[in-house]
Structure formats: C-alpha cells, structure tokens
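Sequence lines set the chain letters: A, B, ... in the order given, protein chains first and strands last, and positions in each chain run from 1.
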Amino acid sequence: MPEITYREALAQALREEMHRDEKVYLIGEDIGAYGGSYAVTKGFLSEFGAQRVIDAPIAEMGIVGTAIGAAMDGLRPVAELMTINFAVLALDQIVNHAAKLHYMFGGEITVPMVVRTVSGWGQLGATHSQSFESWFAHIPGLKVVTPATPSDAKGMLKSAIRGSDPVIFIEHSLLYGIKGEVPEGDHLLPLVGAQVLREGRDVTLVSYSRMAILALRVAAKLAQQGIEAEVVDMRALRPLDMQPAIESVMKTNHAVVLSEDWRTGGMGGELAAQIYEHAFDYLDAPIGRVAAEEVPMPYSKVLEQLVVPDENKIIKAVHEVLGR
Amino acid sequence: MPEITYREALAQALREEMHRDEKVYLIGEDIGAYGGSYAVTKGFLSEFGAQRVIDAPIAEMGIVGTAIGAAMDGLRPVAELMTINFAVLALDQIVNHAAKLHYMFGGEITVPMVVRTVSGWGQLGATHSQSFESWFAHIPGLKVVTPATPSDAKGMLKSAIRGSDPVIFIEHSLLYGIKGEVPEGDHLLPLVGAQVLREGRDVTLVSYSRMAILALRVAAKLAQQGIEAEVVDMRALRPLDMQPAIESVMKTNHAVVLSEDWRTGGMGGELAAQIYEHAFDYLDAPIGRVAAEEVPMPYSKVLEQLVVPDENKIIKAVHEVLGR
Amino acid sequence: MTTEMTKPTGEAGTNGKAAAEDLAARQHDLDKERHLEYYRQMMLIRRLEEKTAESYTQGKIGGFLHLYIGEEAVAVGVVAGTEPQDHLVTHYRDHGYAIAKGSEPGPVLAELYGKSGGVSKGRGGSMHLADVKRHFWGGYAIVGGHIPLATGIAHSIKYQKKNEVVVCVMGDGSTNIGMFHESLNIAALWKLPIIYLVENNLFGMGTALSTHSSLTEIHQKARGYGMPGDKFDGMDILTVRDHVKTAAERARSGGGPSLLEAMTYRFRGHSMADPQLYREKTEIEEWRTKRDPILLLTSKMYAQGIFSEEDTKQVDEQVDAQIIAASKFAEESPFPKPEELYDNIYVNENY
Amino acid sequence: MTTEMTKPTGEAGTNGKAAAEDLAARQHDLDKERHLEYYRQMMLIRRLEEKTAESYTQGKIGGFLHLYIGEEAVAVGVVAGTEPQDHLVTHYRDHGYAIAKGSEPGPVLAELYGKSGGVSKGRGGSMHLADVKRHFWGGYAIVGGHIPLATGIAHSIKYQKKNEVVVCVMGDGSTNIGMFHESLNIAALWKLPIIYLVENNLFGMGTALSTHSSLTEIHQKARGYGMPGDKFDGMDILTVRDHVKTAAERARSGGGPSLLEAMTYRFRGHSMADPQLYREKTEIEEWRTKRDPILLLTSKMYAQGIFSEEDTKQVDEQVDAQIIAASKFAEESPFPKPEELYDNIYVNENY
Ligand SMILES: Cc1ncc(C[n+]2csc(CCOP(=O)(O)OP(=O)(O)O)c2C)c(N)n1
Ligand SMILES: Cc1ncc(C[n+]2csc(CCOP(=O)(O)OP(=O)(O)O)c2C)c(N)n1
Ligand SMILES: [Mg+2]
Ligand SMILES: [Mg+2]
C-alpha cells in the first residue's frame, strides 16, 4: 500500500469523489486560485474548473448556507471553512439549519453536505488557535469526524461525501504532513467506530485527531519505562462509539483522556464521564485528563508551549494515574 | 423581604444600575417599544429614553459587537439576545472577541459588558428550544451565570453590570414567573460560588437554572419516599465552583447531575467528570445523568415532553443510583 | 378548481365576428377563472389563519403563532407570478405561502396541531413547515437564516442548468442581518436565478422600519450589489404577480437576482403573544378598512365585471367547507408515536 | 520629530513685503516639516516590515506575518487626516497603522517576537497588537470581526458626546461578510462618527476582487445604507489624507459615517506563506516601479522643492537607526514568565 501524507490522502478522496460524481463540488475561501491555505486542493481549479472548485467570498455563513441549500436540492457540496475559528461564524447555518432540517421537516429534506475545517495552533494567537470539537459533538443531527491518520482521512472523507447527512470533518493543521499507508481507490470507512491503535495492559489513553498520534508516541516512550499503554482513537465524536474505550479500561483499570481543547466543557469531560459510568467498578484511580490550559492562546511561544498538551504532560498524567 | 418574580428581580437590577450609572445602557431587539419579548424591560423606554434603551435592528453580531466596542471605550452595555438560539449568530463576537481582548492585548483593553439571554422551550420547535450553556462554559475569558432564583437573578445581574468582565447571563423562559424573596436596593452577589439549596444525606442533585428549581421539587417528593436529597445549585458555570458539590457527594456518596441540554458534550458530563475525579473514593455508584434526549426538539407536544428532563426522569435516575 | 392557467392561446381564429366573440368569451372565462382562483387562495389563507388563531386560544396549537392576515396578496401574487416548478423559501410567517403553493389546508393545520398527518409530520410546527414535493422548502424561524439556503438552491439550479427560479421571502426586519448581505452578494456575483422578496410591513416585531433600517426604501439595498430593485403595492395581488413575473423572467433567462419590496401590513400582532404597544389602533383600522387585499381585489373585479358577488359567495362556501374538512383532518390525525422520537436524525445510520 | 502639525496660523502680518516673505518662509518650513514627517513614517513602516520579514525567516517571529509594504500611504494618510485623539481599529495587517499612530517600533517588533516588552506584552502577536493609550485599538484577525467593535466605539463617542472620530480599516475582501453589513446599517441609522476605510488592494488573500465582490467599486456599497462613498488613489498619501479629512470633518460635525475606498496594492504576498500563484510577477513589478507610494511622494516633493534628496537621506539614516534600536529593544526584551500565564483572564477575579 502506498505511503502518502494526510494532505495527499484528503486530496485523493476529494479528487476521486469529484471524478465519480458530478454533483460533488468544492466551495471555500482560497481553495482555487490560491491553491488552498493548507494546499489540500492545490491544482484542483485547473483540473475541475471554476464551476466545481469555487473560490468564495469571505462569507462563512454564505459558504455553508449556500452549500446546505444546494445539498437540499440534490448536490453534494464539500464546503471548506479555512479554520475552525472561522467556523464559529457559520454556526447558525450548521447548528440551526444543517443539523435540524432532516428531522424538523419530518424527513422530507436531506442535507448531504460535508464541512471540512481545521483545528491547530502554532503562534497564531488567541483568535486562531482554538478547538471547538466539543461544540459540534453536542449537536444532534450532525456527524463529527476527527481523523488522526492518512487512511482515516481518506476513507472517512469519502464516506462523508457519499453519505446523505451533514458531516463536520475536522482536520488538524499539524497532521497534514504525517505519512501513512492508504489504500488506493475506493477506500470507504464508516463514520463511527473507535479503534485500538496500540494494545497495552497498564493504562488506556483515549484520544482523537492529533492527540491520538501523540498518544502513540507517548506509548512508545512509556514502554521503555515498562508501562504498556493501550491507545484508543475515537475517530468520530458524534455519534460516539465508547465501547472500545470502555472495554480497554475494563482491562487496564486506568485511563487518561487527551484532547487539545480547553478542559472545562471540553471533549475530555464527556469521554471521562462515560468511561466512569460504564467502567465504574473497574477503575483503580480517577481518570487523568490532559487538555489545554484555560486561557486564550497567547502568541508568545514560551507561553503557548505551556498551554498545549505535550508528551511530558501526558506522561505525567499517566504516572499520576498509575500512582508512580 | 419582599417576594417578587424572577422577571421583576431582573427588571429591578437593570433599573437600579441604570439609575446608579449613566454609562449603563440596554441594547437589544424589541426591548423598548415592544416592551421586551419576555416583558423584562417593559416601561424602560419611557423611563430612560431611546438613548439608553436601544431597539436594535435584528443583527446579533452588530448588537454584541457594538456593545463590546462601547465597553472598550468605557460604557457598560447590557446587551440582550432575545433567545440563546440567536446567540449562536453572535458567537464570533462573544468568543473570538469579548472573551479574548483583555488577555490578548496584555490587559490594556477591558470589556465590561453583560449579554443577557434566555434558554427555554415550549413547543417552539427545533430552532428555538436549545441550551448552549456548555458552549459558553468552555470559553476562558467569559463569566457564565445561570441564576435559578429571583434573588440570584437580581444580585448576580447587578454584580455582572458592575464588574469589568464580559458576562454571559443566561435566564430561563420558564422561570420568569417564579417568585422568591429578594433584598431591596444594593443586593450584590458574587458571580462564582455554588450553593446548597437543600440539605440531605442520601443523594446529591447537582444542577443550575431551572433544573435546580426542579431538583427542589423532586427532593420534596423524594423525602416522602424517605430519600433525603441534597440539592446543589451551581449558579455559575464559568468559573465553576465544584467544592460544594464535591463535599456533598463525599457525604451522600451518590449523585445525579441534571441539565436541560443534550447529554453528549453537555454540562452534565463536565460536572460528573469533576465529581468522579475529586470524590472518587466516596462514590457508591456511577453518577446519574439526566439531560435532554439527543434530538432536534420536535414541535409536537407529545414528543417534546419525551425530550425534556422532568420530575419523573429525575426520580428514576435517583432510584437507579441508589439501587432501589 | 385549477391552478394558475398558462397564457391564453391568443390566435385570432379565422376572421369572422363570431370567432372574435368566441375568443372574447373564452378570454373572459379564462380571466374569471384565474382571478377567482386568486380570490380563492386569499380567502383560504385568511380563513385558515382565523381558524389557527381560534385553535391557538383553545390550546390546540402551542408555541409561537405568526398570522399572515392582511398580507395574503403577497403570497398569492408570488405564486401566481412564478411556475409550479419554481421554488419557494420563506420566513416563519409561512402558512399562507404553503397554501398558495398548493399545500392542502388539512396537513398544514395538522402540522400546527403537532399531529403526524402534518406536512412535516408534526415535527416542525407553525414556524417550520415545508411541502417539498411542491417545491415549498419551508418556513424558517431564524431571522435571515433561510436566505443563504434559498441562495444555495438557486446555485444548485444554475449548476444543474435547470430552468427554475427561487423566490426567497423575508420581512423588512430581516434585511439588516449579516446573512442577507452575504447571500445577496453571492447571488449577484454568480448571477443566480433568485428573487429576494421583502414583505415590508413596516415593522420587525415591534420595531418600526425607520428604527431598524438606515434605508427605509428597502429595495434600494439592491444598489449595494448592483442588483435591480423594485418596489410595489403588496396589497394588490395583480401588481405583485406582475412584478414577480418580470423578475422571474429575468432570473430564468440568465439575468440574475432581484430584490423586490412589497409594501404590505399585518393586520394582527407579530405573534399571538404581541400586546401591540408600538402602534396605534387607528393605524391598523385604516389599513384594514382601506387596504384589505381581498377587498381590493373583489372591488376591482366587481367593477370590471370579471367576477361577481355570486361567484365569490360560491367560493366562500367552498373555502368554509375546506376549513371544516381541514379541521376535521387535523383533529383526527394521530399524534406522533413515542417510539418515533429518534426517527430522521440521520439518513444513513451506519455510514 | 513632531507629529502632524496643526494648521498654519495664516494671518497676513502687518503688510510689508518682508512680512510676506517671512510668512512664505515659515509656510515652507511647515510644509517641509509636515511632508517630511509623512515620508519618515512611510519609510519607518517599510523598513520595519523589511526587518520583520527578515526576522520571520530567521524564526524569531512565528505564526502568520502579513506585510504592509506598498500600502504605507494609506496608514500614514489616515492618521494625517485625523486627530491624535481619534480612534483607529484595523484588520490584522496592522503594523503600519501602529507606527503611523505613533507606537514605538521597538515595542511593535518586540510584540512580534513574543516578548514582554511588546505593545501587547507578547500576548497578541503580529495580528493582534494594540496601543490603547494612542487610541490604536488594535489589529484583529477575524476578517470583519473588528467592524462591529469600531462601530461600538463610535457609538460610545456619540453617547458620551465626545468630539472624536473612529477610523475602521479593512480589506476589500472583508466587505462581503455579514458583520460589514450589520455595522454599516447601524452606523448610518444612528449617524455615528465613523469612517469605514477599505484598502482595496485588488485581492482578498488569493481571490481577485471580481471573484469575491458583486460590486467591484467597493465604495458604492455605501449606497445600500444611504451613506456617502468615496474612492481615491491610496498610493498618494496627500490624497488619502485629504479624503480622510473630509470624511472625518463630516463625522465630527454630526454628518455620520462614510465608506472610503483607497486603491492600493500589496507588494508582497498575503502573508509570508503565500506562494502567489494567483497573480503575475509582471503585475507586481508594474506597481512596484510605477506606483510605489514612497517614490510617488518623494518625486512630487523633489519636483515642488518642498524637500530634497538631502533631507530624505537624513531621514533615512534616522529611520535606519530607529530600526537598529528597535531590533535591539526587541532582542533584549525578556520573554513573558511562565507564572504570568493566567494573568489578565479577568479584571475582577472575585466578582
Ligand atoms: C436571528 C433572529 N433574531 C431574532 C429573532 C426573533 N424574531 C422573530 S421574528 C422577528 C421580527 C422579524 O421582522 P420582519 O423580518 O420584518 O418580519 P415580519 O415578522 O414583520 O414578517 C424577530 C426579531 C429570530 N427569530 N431570529
Ligand atoms: C472570518 C475569517 N475568514 C477567513 C479568514 C482568513 N483570511 C485572513 S485574511 C483573508 C483575506 C482578507 O482579504 P482583504 O480583506 O482584502 O484584506 P488584505 O489581506 O488584502 O489586506 C482571509 C480569507 C479570517 N481571518 N477570518
Ligand atoms: Mg416586518
Ligand atoms: Mg485585499
């Protein structure tokens, strides 16, 4: 199987689906002439033309709203919101509209739309370094996908496009460069279903997106200390598949949940609460929670490094949970 | 002490603060000539004039954004967003701006602003029946207040107006009519600090806003069954004061968290996770979670009743937690 | 009762006087049928709204109820000026549009009752009801929220090279919100086949036009997009129809979007809960007595001899019967079943 | 180096020829001083930007860096056309505005280095830097996000009956977003003392004007609000100053808001990361050689004899020295301390 980057995997998914179905089109800011702010759609404008690769005005509500409308009428838009920070501007369209229509109109309207957007940070300052996945995960009617690997990036994006529900597809800017094996052609993965990425008997690391990759790296380090960590990648945050995490904790009796968002009201609280609830009698210690410090992200590198979860914080949390 | 309604308590707070400080003004949709969609500001337009009671265009970003700007320059706006469903439209201004400015500009800018808004339901349909408190509670830089009683409504609103931080003040449409004792005049309450509303030894009900009132009613019923429930009203969701809930659970060894929002990613998960973490050795059973069913709110009364948490669901959850 | 007719064939026959008379008679019949149909639709809307008001006070309808009484000529004119395959997307004051677009009054009322026989199976309610097979995409209750959706439908039409037009209806108060701007820019930029039709009823809830909008000539907001704007009497169904038709023809032939402003007035409060502190009773009375769109049509038709009081009486009876039948349908329709609560969250459960 | 002078006193002296000559000489000195100050500011902005570009490639500056090179006349003209107490709110391409408004280059550069000596203590970075005591309320990185804020400051000014004006700067690409519309409607409706100044540099990131805006004459968007609109050469500092001054006087005297469009061009990419696939190198070269705002000013000034190459050389040296000093300041300024991480979340910790 060829090794390609997360970025290439996404591009492959988009390209294949666009070739397969004329009703699939892309819309977003600077996805065409500029080549995509993270270069995912580089070359697409010349390959598919301006009708199907639409450089939109800076108008997040307009981008998502017109995509919803087009989806209602049978097209299959893939809307790109340049970063998740700007998705905040489109929340009314996503939450009050896309998520509601199928249910609210008694099943008569469908919204086969994908919204691709990106989390991440890197001295981008307070307005440009946020993670809002828990907000989306809170909304019935949405599917929320957070792929960590190139294979998932491709396989889940293709399924998102083929499915008929509104999908919030959250990429991570610090993952675009990672490589992995990705099946060529029709590689379709379900949009729900957590997975064990690494087995271990001592502690379960529950995570998604970039933190799942970090968890793998940490697990390798922990192994050198004689700690065998099991890594569970949630992969999608709505619907949530808690089973693998719960089963893992029943085996390891210890868990640390990892996310990049702010702690209070973040994804980690929900994941922990469900594990506590369903593995109550199996836990030997409170679940560790590693998340971002609760401050607007400072620009200065020295402060930013304190805010974001890193390997050391995870290792520290594991040690605490294991009482070492 | 006079007994007044939650609505009157809010009106009192606004009126007193407007008389006290000319820099306080109100802005919102239909707060003036119409009298306020929930009649909180009825009579204010003639009392204070159109300069200080501003009927705004339907422009949620404009309402909140101009309020932030005015606050930056030293005024003390109280912006009303007619319901929390429309607050979704103003999230960029609230989250990417109000919450960030003080920190991001090194303390040089302050945003002494209050955003009043309302949760609730009552056959209003999917777009008009939502609860987004967990979203706001997730954001560093905001203060999030969810008063359950008339006294808190007045005392916390006055403090919110006098303080110099952006406060999201979430009322509940089904609470406006409830009555309670409210001190006259300068009744100022801190914006943080949970409280025990009723003592009990068997189980802790952890809640806020309308669910705290429901919890009190449920506790009375449970008492008749010989179950003594302790009711903790969180009162504010950011900053969170977990101490009273944790101490209560250390005593009762059982807890049920109650909220009106959707379960996944809602406030209950966070509250539960923190209780599990800090009262880990005291819990005799998993914490119960009562929240809304995870569907866009159906209009039909028969379905809506199934979605919202009610006394029976709470009682059932308590029984489960207590193993009865 | 047929729906809006196609144009009269118009060929002048052989040349005899009889043929000409025949043609005139045929023309008269067509005119009568067409205009009586407008009358019928307006009456049906009005009577249905009166029925909903009654049901609301009886507690059969919950939540917010926004009546369309007084504004019937706009909905009926919009549908008369467009084709059945054209699309309609409106704000929450939507019952009239559903009816004009051909929805049965029974399922519309049943929707308001929260019954499973409702057009949206009782899930949407008054503010969110749709009848997709008639290309009525629904009422939407977030002010301005439907404007991007309607624009997207128009985008789809253009993308798929279909010969259809979208009408997106909103109130005057909705033209100040960001989504209006984003949508109109996109529509003008991409030359989409869409008509933005503003029902200017002088108030957004209790806020007067001059308090909420810098430009009180709403149609002039089109100038910010290089789009044609047009203002007309929204109380005259024929005027509405003609202006909508012109804009629809422009849109259909690739001329892009328009912003239309129909001057109208709601005879009732914003919603059933409205104490109406913000306007004078005399103002309402003035409109009611002098500018009732139904009276305006009948007096014109009577004067021109196109139809008679006899005709309208007949229609009235039919309408009354329809309301009774609708009411019966709505009453008898069952409530949704509890086990259906989780239906229609997703299309693909396991994708 | 003084800041922008007040108007010359202008009284004609007694009446002798000597007095007149004296006046002319004084006038010339004032003219020279003023125009040389414009030159100085533009040069300082340019050299500082060049310095930041260098520092960025050296890894001393992180994140996104948006250079202002080529557009200096707009910032300097805006400040020249307004008063020191007037307010400035801009988008993320903000270094030039800070400098024009009088911020010291050292703390501006230190901000970009993430140092505690930065104007925003290293918390904001390139896209979010403010200097509030100078009424520079900062750069904002959410496109359009600052437009409502600036409008609110103008509202506060009117509310408090202050004699001040706000200038809100944005790019052409920012005029399509909802917040633009909501703000301009409110400002026109309430007649607020604000100038919306659009830097039309023909692109929003890589998207050309005609691809993003239905009206490419951006100032005509004012028509949607009944607001005056005005377009002018943004490469000519004197033109910018005069047009801004006119709008500021209107705003100050109760005439309400304006929408100004300064035609300009950025000589560099959108940010340091921009591969610039969307425009031709020749187009950039054309602007650089023929329309450089600094060259335009100097050639005019040399021709009119207002200042000489000698003068500019002197200024250049001063500017170079300032940049060296700024660089030293930024390098030596300490990083924020870890224990300060939670400072300035709230003003009132226990309220
Ligand atoms: C975004 C949003 N803000 C506020 C409201 C509350 N609201 C419902 S209708 C309405 C007035 C709308 O007036 P207009 O657009 O003129 O329509 P009309 O009701 O007059 O037909 C308001 C403020 C809402 N539904 N959505
Ligand atoms: C709401 C939002 N959407 C998208 C972006 C990403 N973005 C940053 S600058 C920019 C282009 C803005 O162009 P313009 O307004 O013309 O200003 P210029 O950079 O040309 O000065 C974009 C799309 C953003 N920061 N905020
Ligand atoms: Mg109206
Ligand atoms: Mg630009």
Residues in [range] that sit under 4.5 Å from chain B, counting heavy atoms only:
range                       : result
residues 201-215 of chain C : Gly204(C), Met205(C), Gly206(C), Thr207(C), Thr211(C), His212(C)
residues 173-182 of chain C : Gly173(C), Asn176(C), Ile177(C), Gly178(C), Met179(C)
residues 137-148 of chain C : Ala141(C), Ile142(C), Val143(C)

For this session: Classify the angle between the aromatic ring planes of Phe64(C) and His128(B) as parallel (below 30°), tilted (30 to 60°) or perpendicular (above 60°).
Result: perpendicular
List the atom of [X], the atom of [Y], and the distance in Å for their closest heavy-atom pair.
X         : Y         : value
His128(C) : Leu124(B) : CE1-O, 3.7 Å
Ala33(B)  : Leu277(C) : O-CB, 3.7 Å
Glu293(B) : Tyr342(C) : OE1-OH, 2.7 Å
Gly114(C) : Ser300(B) : O-OG, 2.5 Å

Side chain, backbone, both or neither of [X] within contact of chain B (heavy atoms, under 4.5 Å):
X         : answer
Lys337(C) : backbone
Asp274(C) : both
Ile345(C) : side chain

Seminar exercise, completed: Of the listed Thr83(B), Asp55(B), Val295(B), Asn85(B), the one with the largest count of heavy-atom pairs under 4.5 Å with chain C is Val295(B)
Problem set entry | Donor-acceptor pair, side chain of Tyr278(C) and main chain of Gly32(B), under 3.5 angstrom | no
Exercise. Mind checking what makes side-chain hydrogen bond (donor to acceptor under 3.5 Å, both in side chains) contact with Glu283(C), not counting sequence neighbours?
Worked result: Tyr265(C)
Exercise. Is there side-chain contact between Pro338(C) and Val302(B), with heavy atoms separated by less than 4.5 Å?
Worked result: no
For this session: Evaluate side-chain contact (heavy atoms from CB on, under 4.5 Å) for Tyr299(B) paired with Met127(C), printing each intermediate quantity in order.
Result: CA-CA 9 Å; Tyr299(B) 163 78; Met127(C) 303 198 292; over 6 Å; no
For this session: Please flag which part of Leu45(B) lies under 4.5 Å from any non-hydrogen atom of chain C: side chain, backbone, both or neither.
Result: neither
